[in-house]
Amino acid sequence: MAKQVVHPKIRGFICTNAHPVGCAKNVETQANYVRQAVPSRQTGLNALIIGASTGYGLASRVALATSYGANTIGVFFEKPPVGKKTGTAGYYNSFAFHKHADRQGVKALSINGDAFSDKIKFETIDSIKKELGQVDLIVYSLASPRRIHPRTGEDYRSVLKPIGKPYSDKTIDLVKEEVVNISVETATKKEISDTIAVMGGEDLTFWVDYLLEHDCLKPGAQVVAYSYIGPEITHQIYTSGTIGQAKDDLQQHVDNIDKKLSQEIGGNAFVSVNKAVITQASAAIPVIPLYISILYKIMDSKGINENPIAQITRLFTEHLFSENGPELDDQRRIRLDDRELSIEVTDQVKQVWSQITTENLHHLADYNRYKTGFRNLFGFDVENVTYDQEVETDLFLP
Ligand code: NAD
């Protein structure tokens, strides 16, 4: 037992601790959202969520367990508490999720380790066989800066760089809270291929192949993998940059997986292009925190902003579990970024982007909302949590 008062330790886009009660409240808030948005039903679904502890993956897991009565197996890479050092937010989120799943009467299994490794894939397969039999849905929501290749042992690092020419634009210095210029050198060929090795689709193909080989997929099983495109102002650093190449590779793998699943078990695979939201992964991308601060203000003012749980609710109700199946664009993608990329929103963002400076940051953008949203990710600044009280930080997953 380690009762202690927990205050945030934040520097820039890094927060090195987390508040267990705040994290539990976040899980509860997401569950309440989906409960009022989607009437609860028992589907008997079994779902595997890869990247299940934070951001879009956690929202997927909460929505599936809460409104679809799904048993879930979640894979993630998080740190448990050690002595006075708290666990990571994803660890406490998952702890809270297990309690939630118990109350919902659905099974929750969690595998904490490197999803890129064969070891974790086989542990997951064993667990599926023992506890669930087969799964109906795979959600692929990994965001990682690194992958050790399971077959060659090569250690790949992803980079967020432009391709072809250097890039220079505005960003927020999250430590000084100033709008500054950032210049990023163009990526080398190796950096491009390394980023594809980390964030591309090979790992998902390995997952699906193993799951098929071990008969872990139910007839008609579906796969959905998350991606991002964003507006023109971020293209050079995102969609046309190294990460965009990796996402193109993911799309190609998903298209091949779709063919394989449809032939072998009558299943499908899709990419879902989601909107920009505040997560640990997006905080690390240059330019994106400034972009999100502007985007949220504009989308909030129009009443069309969505957080991960709202996006995922729409993914399930309007696409994956809708009567007619998913609505796809001409490249076979589900588009949840339709509101973010509507002309009225992108035009306004572009206009603000050209004017934004440190002086008008709080007027033209909602930077405080971004900051609060970022602190919320770690369980801080969450409503109805008393932060000067000691809390139990020694909480461990079953
Ligand atoms: P996140 O940082 O909140 O979550 C990443 C998840 O991956 C966590 O559960 C983490 O534990 C897990 N993870 C990382 N490395 C791992 C490893 N080696 N083994 C096992 N688990 C590992 O990220 P997010 O922003 O929710 O991103 C998830 C997906 O959604 C990504 O594909 C991202 O590109 C996509 N997406 C994000 C945004 C956005 O704005 N945040 C927008 C559209 C699409």
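Order of appearance sets the numbers: ligands from 1, and atoms from 1 within every ligand. Keep in mind that what you see is a predicted model, and the values were worked out from it rather than measured.
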Verdict with reasoning, Asp203 to Lys121, per salt bridge (charged side-chain N to carboxylate O under 4.0 Å, His left out): CA-CA 10 Å; Asp203 178 62; Lys121 287 187 176 73; 2.6 Å; yes

Proximity of Thr279 to ligand 1 by residue part, where a heavy atom lies under 4.0 Å: side chain

Nearest-0.5 Å distance, CG of residue Leu336 to CD1 of residue Ile312: 6.5 Å

Contact summary for Leu109 and Arg61, nearest pair of heavy atoms: O-NH2, 2.8 Å

Structural part of Lys275 in contact with ligand 1, heavy atom criterion under 4.0 angstrom: backbone

Distance from atom 43 (C) of ligand 1 to nearest protein heavy atom, with residue and atom: Ser227 O, 3.2 Å

Which of the ligand 1 atoms, numbered from 1, are nearer than 4.0 Å to a heavy atom of Asp114: 17 (C), 18 (N), 19 (N)

Proximal candidate to atom 28 (C) of ligand 1 [heavy atom criterion; set Ser141, Gly90, Gly55, Ala89]: Ser141

Those atoms of ligand 1 less than 4.0 Å from some heavy atom in Glu78: 10 (C), 11 (O)

Protein contact to atom 15 (N) of ligand 1 [nearest heavy atom, distance to 0.1 Å]: Ser144 CB, 3.4 Å

Pair Tyr210 and Phe122, ring centroids less than 6.0 Å apart: yes

Protein residue, atom and distance nearest to atom 30 (O) of ligand 1, heavy-atom basis: Tyr226 CB, 3.5 Å

The one among Gly113, Ser53, Gly51 that brings a heavy atom closest to atom 20 (C) of ligand 1: Gly113

Of Asn46, Leu132, Leu137, Val135, the residue whose pairing with Lys218 passes side-chain contact (heavy atoms from CB on, under 4.5 Å): Asn46

Atom 32 (O) of ligand 1: the protein heavy-atom neighbour that sits closest, reported with distance to 0.1 Å: Lys247 NZ, 2.9 Å

Protein contact of atom 14 (C) of ligand 1 - nearest heavy atom, named by residue and atom, plus distance: Ala143 O, 3.2 Å

Phe77, any N or O under 3.5 Å of ligand 1 N or O: yes

Donor-acceptor pair between Tyr226 and Ser60 side chains, under 3.5 angstrom: yes

Proximal ligand 1 atoms for Ala276, defined as those under 4.0 Å from one of its heavy atoms: 40 (O)

Nearest-neighbour protein heavy atom for atom 40 (O) of ligand 1, which is reported as residue plus atom name and distance: Val277 N, 2.9 Å

Non-hydrogen atom of Ser117 closer than 4.0 Å to ligand 1: no

Aromatic plane relationship, His19 with Phe380 - under 30° parallel, 30 to 60° tilted, over 60° perpendicular: perpendicular

Atom 19 (N) of ligand 1: nearest protein contact (heavy atom, Å): Ala115 N, 2.8 Å

Tyr56 N/O under 3.5 Å from ligand 1 N/O: yes

Identity and separation of the nearest protein heavy atom to atom 13 (N) of ligand 1: Leu142 CD2, 3.7 Å

Cationic N near anionic O, under 4.0 Å, Asp381 to Lys371: no

Ion pair check, Glu306 and Arg314, cut-off under 4.0 Å: yes

Arg146 and ligand 1 - part of the residue with a heavy-atom distance under 4.0 Å: neither

CD/Gln355: more than 12 non-hydrogen atoms of other groups inside 6.0 Å: yes

Whether Phe321 and Tyr68 hold their rings parallel, tilted or perpendicular, with breakpoints at 30° and 60°: tilted

N/O separation below 3.5 Å, Tyr228 to ligand 1: no

From the candidates Thr54, Thr88, Ile49, Ile229, the one that places a heavy atom nearest atom 1 (P) of ligand 1: Thr54

Ring geometry between Tyr370 and Tyr367 (parallel below 30°, tilted from 30 to 60°, perpendicular above 60°): parallel

Option nearest atom 23 (O) of ligand 1 (shortest heavy-atom distance, choices Ala281, Gly57, Ser282): Ala281

Within reach of ligand 1, part of Ala52 (heavy-atom separation under 4.0 Å): backbone

Atoms in ligand 1 flagged as close to Phe116, the criterion being non-hydrogen separation under 4.0 Å: 18 (N)

Asn274 N/O under 3.5 Å from ligand 1 N/O: no

Worked verdict on Glu78 versus Ser53 for side-chain hydrogen bond (donor to acceptor under 3.5 Å, both in side chains): CA-CA 8 Å; Glu78 302 291 348; Ser53 55; 2.6 Å; yes

Enclosure of Lys79 NZ (heavy-atom neighbours >12, cutoff 6.0 Å): no

Salt bridge (charged side-chain N to carboxylate O under 4.0 Å, His left out) between Asp194 and Arg157, worked out: CA-CA 6 Å; Asp194 283 7; Arg157 311 279 165 144; over 6 Å; no

